[in-house]
2 protein chains.
Amino acid sequence: METFTIKWKKTTEESLYEQLYNHIKTEIVSGRLRFGTRLPSKKKLIQNLNISQTTVETAYEQLLAEGYIESVPRKGYFVSAKEEFLHRNLPQTDVTLKVSPEKTQHYDYDFYPGLIDTSMFPFKQWRSLYRETICDENQDLLLLGRSIGEFSLREEIRKYLYQSRGVICSAEQIIVGAGIEHLLPQLVSLLGEKAVYGIENPGYPLTKHVLSSQKRKSVFVEVDSEGADVRNIENSVISVMYVTPSHQFPLGSIMSANRRAILLNWAYKRNDRYIIEDDYDSEFRYYGRTIPSLHSLGEGKKVIYLSTFSKSLMPSLRIGYMVLPKQLMKRYQREFSHYASCVPRIDQSVLAKFMRKGSFDKHLNRMRTVYRKKLETVVKALEPYEDEISISGEKAGLHILLTFPEEKNENRLIKAAQKAQIRVCGLNNFFHKGTDEKFAGIVLGFAGMNEEQLSTGLEKLLKIWFKREKKRV
Amino acid sequence: METFTIKWKKTTEESLYEQLYNHIKTEIVSGRLRFGTRLPSKKKLIQNLNISQTTVETAYEQLLAEGYIESVPRKGYFVSAKEEFLHRNLPQTDVTLKVSPEKTQHYDYDFYPGLIDTSMFPFKQWRSLYRETICDENQDLLLLGRSIGEFSLREEIRKYLYQSRGVICSAEQIIVGAGIEHLLPQLVSLLGEKAVYGIENPGYPLTKHVLSSQKRKSVFVEVDSEGADVRNIENSVISVMYVTPSHQFPLGSIMSANRRAILLNWAYKRNDRYIIEDDYDSEFRYYGRTIPSLHSLGEGKKVIYLSTFSKSLMPSLRIGYMVLPKQLMKRYQREFSHYASCVPRIDQSVLAKFMRKGSFDKHLNRMRTVYRKKLETVVKALEPYEDEISISGEKAGLHILLTFPEEKNENRLIKAAQKAQIRVCGLNNFFHKGTDEKFAGIVLGFAGMNEEQLSTGLEKLLKIWFKREKKRV
C-alpha cells in the first residue's frame, strides 16, 4: 500500500499521532488492512499527510508495541495481526446484576450483635497519632513490612496479653492480620488437611464457612451452661477444638474449670491436637475479675489464641491477631512468611502508639463503664418480664441471650420487631445446618445505642412481643 | 470444711477478694481441697477472717463463674472441679523459635523489584485527608462496611479504569481487597475446583503458591517477546489463563495483538473459560500511549481484571481490586458477601478522596516523570556494555530485565553483587519449579533509589561483574 488519507479531527482531545494510530488500528481490526500488507513508509506518510516525523514514528512504535504491525529490516512495516483473530461473535447473553443496596436498611432501634458504641471513640487522639505517623521521616512505612506485622504492634499486644489475659508468649509468636476472617484461613492451611475440627453449636457461622470452603472436616459439639461439652472429646475424631471459653458465642456461658481441664488434658495427649481459643470479647467483663484464658492455663503449647480489636476499638479497623505455639510458628515461618501482611503499616503503627501511650487501656476502662451501664439498663427493662424471658450471658460482652419458655416461634418475634423498625437477631442464625435441637432465642446486642434509645427501644419491643405493658417492679 | 486461715499479703496489687479467690483456687488445683468438699459458709468466713461480705461474695462468685465450685440451694458451696483433671504432665519438649531479624538486611544499593520511590509521596496531603476523615461526623466508619468495599472508592476506581484503561464496568463489579495476595484466593475459590489454570513461566511465584495451597491444577505457559505463548491453548486442558499482558512479569514483554485475539476467542468459546488479567504496573508506561487492557478488548465478559495501588501509591497500603464479569459477580454475591472486607474503611475513604480530588492522577504524572528519568539513567549506564548485557522491558514499569549472552551462571552475578552490599534479584526466582529451560538474567528494580545512587550503584555493579571499567560512549 502506497499511502492513505485520513480525516483529521479538529480536537484537542486526541493528538495527531493518536489519530493516526487509531486510524491504522481500525483499518487492521476491521479487515480492510490485511495480514502481510506493507504499510506506507514513514517518509511517504510525512509527505502525503503533511505531518511531522515524530507523529509518524510515535504512531508506528505504538502499533509495533501492541503487535499490530512488524518491522522487517530494509523492507518496511507490515501488518502482522491476523484479522480472523480480531473478529469475534459474542455468543453470550448479558447478565443483569442485581445491585444490592449501598446502605443497609434503616432501623429505628438496632439490637444487632456486632455493633459497638462509636460515640466515645477518641477521634481527636487517633487523628493526631495519624498526623504524627504520616510524615517524611516515616517513608519506610510505605514499603512492605513483615508478613506477621510490625514489631512495635506485636510487642504492645504481647504486653497487653500478658497483663490482661495471662498469655505468655514472645512477640515473634504473634501474627497480626486483617481480622479473624483473614487469620482463620491461614491457620486452617497451617494445621494441615488431616485435621478434624470440633466447632461449637450454636457458634460463629464464619468458622464453619471457612472450614467448608477449605474442605475441612468438622464435628459439632453441643454447648450448655458450662460451655462446649467436651466431656466425650477423647472418643471423638476431633483433632482441633475451636472454642469461645470466656464468653461462649452466642449463648454467653463460661467454660467450667472441669471442662477446661478435660480439654487441655486431651490436647496434651497427642502432638497433632490443638485448641483454638477465640477470645473475641474478653475485654468486657463487668463483674469480678476477667476469666483466665485457656492459653494461660495450658502454658501456651497446645492453645492457639485468637483475638481482635473489633469489639474493643472498632470493627472497621480490621486488625486481629493470633498467638501460635512455637512448633506451629515454625511451620508458619516456612510456609507463609513470604506473604505480605494484609494490614496497612501506617494503621499498625498508629495502633501501637495508641497502646504504648496507655490510651488503649484508658479507652477500655471507659468503655467498660459505658457498656456496663447499658447492660444494667437492659436487664432492668427486662425485669418485669422474668416469667416470659430468661436472660443468660449477662455478665460480660456486648450481647445477652434471651430465651422464651413459652414461645417456640423465633421468627414471629423477629418479624414483629421488624414491622416496628426494630432489628433483633435470632438465635437460630447460629445453629449450624443439619442440627436438630434448636430453641427459640434472641441474641440481643446492646452496644450500638445510647441508654435512652435502649430503654425506649426495649419498651416498644416488649410491648409488641407481649401485647401489653408491664409496670416496672 | 468448717473454715480455713489465709495469709493476707500486704499489697495493693491484689485486693482482698482476689487473694481469697486465689487461695481457694490454688487449694483446689493442688488437690488439697477435693471434689465434693463443702466450703465454709459465707457467714463463717466473714466472722473468722474478719473480712467484709462483699469480699467473700465477689470471691465465691468468681469461683462459681469459672466452675471451680458450685452452689447447692440450702446446702452451701461445694468444690466441683475434679483435681485429676487439673494435673497434667507436660510431655512435650520445648521448641526454640529462631527469631528472624526484625529488620531486613541492609544494602548500600538495592535493585530489588517491588521497591518504589517513597520520597515523592504527598505526605502532607495524605495526612490532611486523614484528619478530615477521622472525625465525630464519620462515626459510622468505625462499623463494618460492605464486603466488596466502600462505594465511594469503588466509584473512583471505576472512573479511573474507564479513563486510563478503557475498562467498562459498574462500581458493583469491583471488589476492593487487601492486595492481590488476598483477592486471588477468593477468586480461586469462586472459580471452582474444576478450573485448570494456565500460568506464565517465568511469572509471579505467588500465583503458583496460591493455586497449590488451594489444591488447584495448573499448567505452565512459556513466555517470549510477544507475551505468554497461547497459540496452542485450544488444545490444552486450561480453563482459566492468568496473564500480565501489559508488561509481562518478569520478562517485560507486551502481549501481541494476535495473541490477545487468540486468547479472547478461546475464552469466548466456552462458558467456564476465563482470563485473569493482572495489570500490576500499567500506570507506568513512559513512551507512547498506555497499552490497552485485555478487558477493554474483550468487553469484560471473559476477563477478570486485577490491579493494585502497590506500585502507584505504596505497597504497604494494602489496597488492590478486581473487576469481575457479571456472571462471576453473581456467584460472589451468593458466596462471599457475608465476609467482612479486609481493608480498613478509613483508609478506603481517604484513598477515595485522594482520587476524587485529582491528586492520584497528579501523583501518577509526577511519578511517571521521576521513574522515566531513573530508567534513562539505568539505560545510559548500561550502554557501554551492550555486548555483554541485553535489556528488555525497558519502556514501562519499575524494573527491566538484563540478560547475558556470555554468562550462564546467574548465581555468580548475584553473589558478586552481594559481597559489595548490592542487592539484585535473579530471574530464576521466577521460573516455576520443575521447569527446565532457564536462562541467566537479572530482574533489576530501579524505583527505590535516587538517580545518584542509581548511577553509582550501577557503576559499581558493572565493574564487579565485568572486572573492568568501560568508558561512557
Side-chain angles (χ1 to χ4, degrees), chain A residues 58 61-62 65-68 81-82 85-86 88 92 95 97 99 102 118-119 121 123 126-127 130-131 134-136 139 141-145 151 172 178-179 181-182 189 213 226 254 256-258 261-262 264-265 268 288-289 291 301 314-318 326-327 329 339-340 342 344-345 347, chain B residues 58 61-62 65-68 81-82 85-86 88 92 95 97 99 102 118-119 121 123 126-127 130-131 134-136 139 141-145 151 172 178-179 181-182 189 213 226 254 256-258 261-262 264-265 268 288-289 291 301 314-318 326-327 329 339-340 342 344-345 347:
Chain A
T58 321
E61 268 182 27
Q62 187 70 25
E66 296 182 23
Y68 287 99
K82 296 176 180 166
F85 292 140
L86 304 172
R88 244 188 334 280
Q92 302 199 329
V95 176
L97 204 62
V99 177
E102 285 299 327
T118 56
S119 69
F121 188 77
F123 284 101
W126 199 251
R127 205 157 54 210
Y130 265 95
R131 197 165 50 222
I134 302 173
C135 62
D136 287 316
Q139 275 181 34
L141 284 182
L142 303 189
L143 300 175
L144 281 183
F151 175 75
E172 208 56 30
E181 286 92 330
H182 176 72
S189 292
S213 76
E226 290 188 53
I254 298 169
S256 67
N258 280 337
I262 291 171
L264 286 165
N265 282 335
Y268 267 98
R289 306 157 34 101
I291 302 297
K301 285 183 183 171
M314 57 176 129
S316 77
L317 184 64
R318 312 310 302 140
K326 287 179 186 167
Q327 60 270 36
M329 194 62 206
Y339 271 78
C342 270
R345 283 179 84 185
D347 294 340
Chain B
T58 320
E61 265 181 30
Q62 187 71 26
E66 296 182 23
Y68 287 98
K82 295 176 179 166
F85 290 141
L86 304 172
R88 244 189 334 279
Q92 303 199 330
V95 176
L97 204 61
V99 178
E102 285 299 327
T118 56
S119 69
F121 188 78
F123 285 100
W126 199 251
R127 205 156 56 211
Y130 266 94
R131 198 166 50 224
I134 302 173
C135 63
D136 287 316
Q139 276 184 32
L141 283 182
L142 303 188
L143 301 175
L144 283 182
F151 175 74
E172 206 56 30
E181 287 92 330
H182 175 74
S189 290
S213 75
E226 289 189 54
I254 298 169
S256 67
N258 280 337
I262 291 171
L264 285 166
N265 282 335
Y268 267 98
R289 305 157 34 102
I291 303 297
K301 286 184 183 170
M314 56 176 131
S316 77
L317 183 64
R318 313 309 303 139
K326 287 180 188 167
Q327 59 271 37
M329 194 63 207
Y339 271 78
C342 271
R345 284 178 83 185
D347 294 341

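Letters go in sequence order (proteins before strands), and every chain restarts at 1.
Taking every heavy atom of both residues into account, B:R318 and A:A340 meet most closely at NH2-CB, 3.6 Å. For the pair B:R131 and A:R127, the tightest heavy-atom approach, listed with the atom from each and the gap, is O-CD, 3.2 Å. Residue B:L143 comes nearest to A:S316 through the heavy atom pair O-CB, 3.1 Å, listed as atom of the first residue, atom of the second, then distance.
Distance check: B:T118 OG1 to A:Q139 CD gives 3.5 Å after rounding to the nearest 0.5 Å. Between atom CD1 of residue B:I254 and atom CD of residue A:E66 there is a gap of 7.5 Å, rounded to the nearest 0.5 Å. From B:M314, atom CE reaches atom CG of A:L142 across 5.5 Å, with rounding to the nearest 0.5 Å. Note that the CG atom of B:L317 and the CG atom of A:L144 stand 11.0 Å from one another [nearest 0.5 Å].
Residue A:D347 touches chain B through its side chain alone, counting heavy-atom pairs closer than 4.5 Å. For A:E61, the part lying under 4.5 angstrom from a heavy atom of chain B is the side chain only. Interface residue A:Q62: only side-chain heavy atoms are found under 4.5 Å from chain B.
Using bins of under 30°, 30° to 60° and over 60° for the plane-to-plane angle, the ring pair B:Y130/A:Y130 lands in the parallel bin.
The side-chain hydrogen bond (donor to acceptor under 3.5 Å, both in side chains) check on A:T58 picks up nothing, with sequence neighbours excluded.
For the set B:S189, B:C135, B:G67, the entry with the most heavy-atom pairs within less than 4.5 Å of chain A is B:C135. The candidate with the highest count of non-hydrogen atom pairs below 4.5 Å against chain B, out of A:S256, A:A178, A:P315, is A:P315.
A heavy-atom distance below 4.5 Å is not found between the side chains of A:E181 and B:C342.
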